[in-house]
Amino acid sequence: MQKLRISTLGVLSVLASAALLGACGSSSSTTPKKSSTSSPPATGSSVTEVMGTAPQSLDPGLDYTTQGAEINWLAYTGLTTYAHSEGVAGTGLIPGLATTLPTISDGGKTYTATLRKGLVFSNGAPVVASDFTYTVERAIKIPWGGSGEFITPVIVGATAYANGKASTISGITTNNATGQIVIHLTESYGPFDNVLAFPALGIIPAGTPMKVEPTSPPPGVGPYRTTNIVPNVSFTGEINPYWSKMNIPGIPAGHVNVNVKIDSNVAANALSVLNNTADVFDWADVIPGSLLPKIKATASDRFQFKDLGGSTYYIFMNSTEKPFNNQLAREAVVAGLNEDAMRSLGSGTLIPACFFLPPYVPGHVSNGTCPYSSTPPGTGNLAKAKALLKASGEEGAPVTVWAQERTPRLQWMTYYASLLNQIGFKATLKPIADATYFTTIGENATLHPQTGFADWNMDFANPVDFYGVLLDGNSILKTDNENFGDTNDPYLNAQVTKLADVPTAQLSSVAAKWQALDQYVAKKAYVAVFGYQTFPEFTSSRMDYNALVFQPEYGWDWTSFQLG
C-alpha cells in the first residue's frame, strides 16, 4: 500500500519465517527488542500520541491506511493475526480468533477454521461464526479499499454478492454451534491466510449497519476499542475490559489508554514529543530534517530510525511509452541514479537499494550484484548513464516527471528531473497534490505517465503483494492502476501466476525462485529502486523505551506502550 492511503495501507500485513535480511549490502541498523508482554494494564493511565495524518476511517470496513490500521489491528482481530514482535518474527502469522491457523485443502482452494470458545465483542456481546460472513459482506458493500483485490475475485460467490445477484456469499459456510468457518476460493491463492488478518476482516457483529460508522465504529474483538472520536481531530484507543478474560495466546493486553491527537504540523508534533508534552510521535510521519540534529543530540536515548523491512521506494518508468519502452533508456536512469543523494535529501532515512523486494519479504536479494549501479548502491555513474542513453537513440526525448508535493518526495523527484537533464533527456517536473497523486497517475484510461515517484508498503510480507499488484501485467487497470509503468512481461507474468499459489507457510520453498525473478526485473530495469525506507521510533522520556515493540506490519504496537 502507498503512504498515505498506508499504498491504498498502498497499506498492510506480512508472512513468513524465512525472509532474507539485508539490502544490497545494507542491513537494518537496529537490533530487534523483545516481544510485547502481557502483564496487566495500569488502570487509568494514558499516553498521548501525535499523528500528522488522520486515518481514512476508524471503521475497519472502510479504512485502508497505515494510520487507521495502527489502532484497527488491535481493535478488530481476524481469524489470523501477526506476532507482537519486532523484526522478521513480527511478520509471522499466528492464530487470532481461530483456535489454529486455518487448515488448507482442495488444492489450496478451501480454508477451514474454528472460532475460539467464549469470545465476546468489546461491548460484551457473544461472537458467533456467522458474524464472520457478515463481516466479509459488509467489507464488500461499503466497500473496503482492498475488497476488489483480496475478497471479491478470490472467494466463491463474492462477485455475485457484490453485484447484487446473491443475498449472501455462497463460498462461506458457518456453524454457530461448533464455531466452524469454511471458506471456498475461486482458485488457490497462497497469501489468503494473510488476507484473513486484515483489520477489515476482523469480526464484527451481524446486523452492524451496512454503511460507514465514522464516530461510532462497530464493536470488535481485541486488546483495544476506539472511543471519543472527533473526525480529523482526535480519538482514543481504550483498553478493552473484556479482552484479558479471553486469554488468547500471543496477543497481549494493553497497559495504557492511548489518546491520539491529529495535527498536520509534524514539526510541532516532533517538538511536543521532544519537550515531553506528548508521548509518541507517529511512526508513519516524517520528522523535519531541521529538527533531527537537536533530537539526536538531546533525545538519543528515546529516538532512532527503524527499518520495518517492508517498504520499497522507487521510480516507475512506463515501458509502453517512449522513451522508456527502450530498455537502454531505462538502464541509463538506473546507472545514473545517485542513491546517496536521495538518502541525503530524505534526511538519512533511506537504506540505499537496487532490488525491488524489501528485506523482510521472502525472495529479497540480500547480496546480489546491482546490474547497472554500484554494489552496494551509491553515487551513480553519469558517464555510463550518458553512454547508455546515447546507445538507446533517445537523447533529447521529452520526459515528464510526476511528483508529490510533500517533503522529501518533491525534492527526490526534483533531483531526478535534474539527473535526466544531465544525462541527455529533456525533463520537466509535474508536482501533484499529495491527496490526489496516486489516483491521478493511476488513471490509465486517459493518462499514461512516463515516470515518477512510487512507493509500496507491504500489505503482507509476500512477494505476491509487490509483484501481483505493481509489476504483473494482469494487474494493469484503467483506473486506480498501481502498475504505473504498465509493465507487461510474459515471463514475469507467468512466474507470478505460478508462485502466487504457494501458501504462506511454504514460502521458504520458493524463496530462491522469487530471488531469481527479482534479479531478472533488476536486469530489465523495469523500475529504479532507490531505497528501503526507515521510520522514526521517537517517544517522550515518560515512556518505557526498552519495552516498545516496533511491529513490521503496523509500526507501533500499542500493547507495548507503558510508562517508565
Side-chain angles (χ1 to χ4, degrees), residues 12-28 31-32 35 78-96 98 100-111 113 150 185 187-198 250 307-312 353 355-368 456-472 492 494-522 532 551-553:
L12 321 176
S13 332
V14 191
L15 319 141
S17 56
L20 301 171
L21 298 178
C24 201
S26 301
S27 62
S28 173
T31 301
S35 300
L79 295 176
T80 63
T81 188
Y82 294 96
H84 287 247
S85 303
E86 295 199 345
V88 176
T91 71
L93 281 167
I94 63 173
T100 63
L101 293 177
T103 299
I104 306 172
S105 59
D106 190 26
K109 294 195 293 184
T110 300
Y111 283 66
F150 298 118
L185 308 187
E187 59 185 4
S188 59
Y189 181 60
F192 191 69
D193 270 350
N194 300 87
V195 172
L196 294 172
F198 276 117
D307 178 13
L308 292 184
S311 298
T312 298
F355 290 104
F356 195 55
L357 293 177
Y360 289 0
V361 177
H364 166 70
V365 179
S366 60
N367 55 6
W456 193 256
N457 303 277
M458 61 187 175
D459 291 301
F460 39 79
N462 188 317
V464 172
D465 187 48
F466 287 78
Y467 273 95
V469 178
L470 307 175
L471 293 179
D472 185 354
L492 186 159
Q495 288 296 104
V496 172
T497 299
K498 179 180 179 180
L499 296 173
D501 288 345
V502 179
T504 295
Q506 300 172 22
L507 270 179
S508 60
S509 68
V510 292
K513 293 182 179 179
W514 280 113
Q515 283 183 331
L517 185 60
D518 217 30
Q519 290 171 319
Y520 171 83
V521 165
Y532 305 133
Q551 214 278 342
E553 286 291 334

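Just the heavy atoms: all of them, side chains too, but no hydrogens, waters or symmetry mates, feed the values below.
Considering OG1 of Thr504 and CG of Asp193, their distance stands at 5.0 Å, rounded to 0.5 Å. Atom CG in Asn367 sits 8.0 Å away from atom CD in Gln515 (nearest 0.5 Å). Once rounded to the nearest 0.5 Å, the distance linking CG of Asp465 with CG of Leu470 reads 7.5 Å. Considering NE2 of His84 and CD of Gln551, their distance stands at 7.0 Å, rounded to 0.5 Å. Atom CG in Leu101 sits 6.5 Å away from atom CG in Leu93 (nearest 0.5 Å).
Across all non-hydrogen atoms, the minimal contact from Trp514 to Gly363 is CB-CA, 3.7 Å. The nearest pair of heavy atoms linking Ala500 to Pro191 is O-CD, 3.8 Å. Closest heavy-atom contact between Val496 and Leu517: CG2-CD2, 4.1 Å. Closest heavy-atom contact between Gly87 and Pro552: O-CG, 3.2 Å. Pairing each heavy atom of Ser188 with each of Lys109, the nearest pair is N-CG, 3.5 Å. The shortest heavy-atom contact between Ala89 and Ala83 is O-CB, 3.5 Å.
Under the 4.5 Å side-chain criterion, counting only non-hydrogen atoms from C-beta, Pro102 is in contact with Leu196. For the pair Ile104/Thr110, no side-chain contact is recorded, criterion being any heavy-atom separation below 4.5 Å from C-beta on. Between Tyr111 and Thr103 the shortest side-chain heavy-atom distance does not fall below 4.5 Å. A 4.5 Å side-chain heavy-atom check between Tyr82 and Ile94 finds every atom pair outside the cut-off.
Side-chain contact of Tyr360 with Asp307: a donor-acceptor pair under 3.5 Å is absent, judged by distance alone.
Aromatic ring orientation, Phe198 versus Phe150: tilted (interplanar angle from 30° to 60°).
Partners of Tyr467 under the side chain to side chain donor-acceptor pair (under 3.5 Å) rule, at least two apart in sequence or in another chain, are Asp518.
Of the possible donor and acceptor atoms, none in the side chain of Gln519 sits under 3.5 Å from a partner among the backbone N and O of Phe355. Side-chain atoms of Thr81 never come within 3.5 Å of backbone atoms of Gly78 as a donor-acceptor pair (strictly under, hydrogens ignored). Between the side chain of Thr80 and the backbone N or O of Ala197, at least one donor-acceptor pair lies under 3.5 Å. Side-chain atoms of Tyr532 come within 3.5 Å of backbone N or O of Leu357 as a donor-acceptor pair. Side-chain N or O atoms of Asn462 include one that pairs as donor or acceptor with a backbone N or O of Val464 at under 3.5 Å.
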Quick one: do Leu471 and Phe466 satisfy side-chain contact (heavy atoms from CB on, under 4.5 Å)? Show the steps, please. CA-CA 7 Å; Leu471 293 179; Phe466 287 78; over 6 Å; no
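With respect to Met458, the side-chain contact (heavy atoms from CB on, under 4.5 Å) criterion is satisfied by exactly one of Leu308, Val361, Thr312: Val361.
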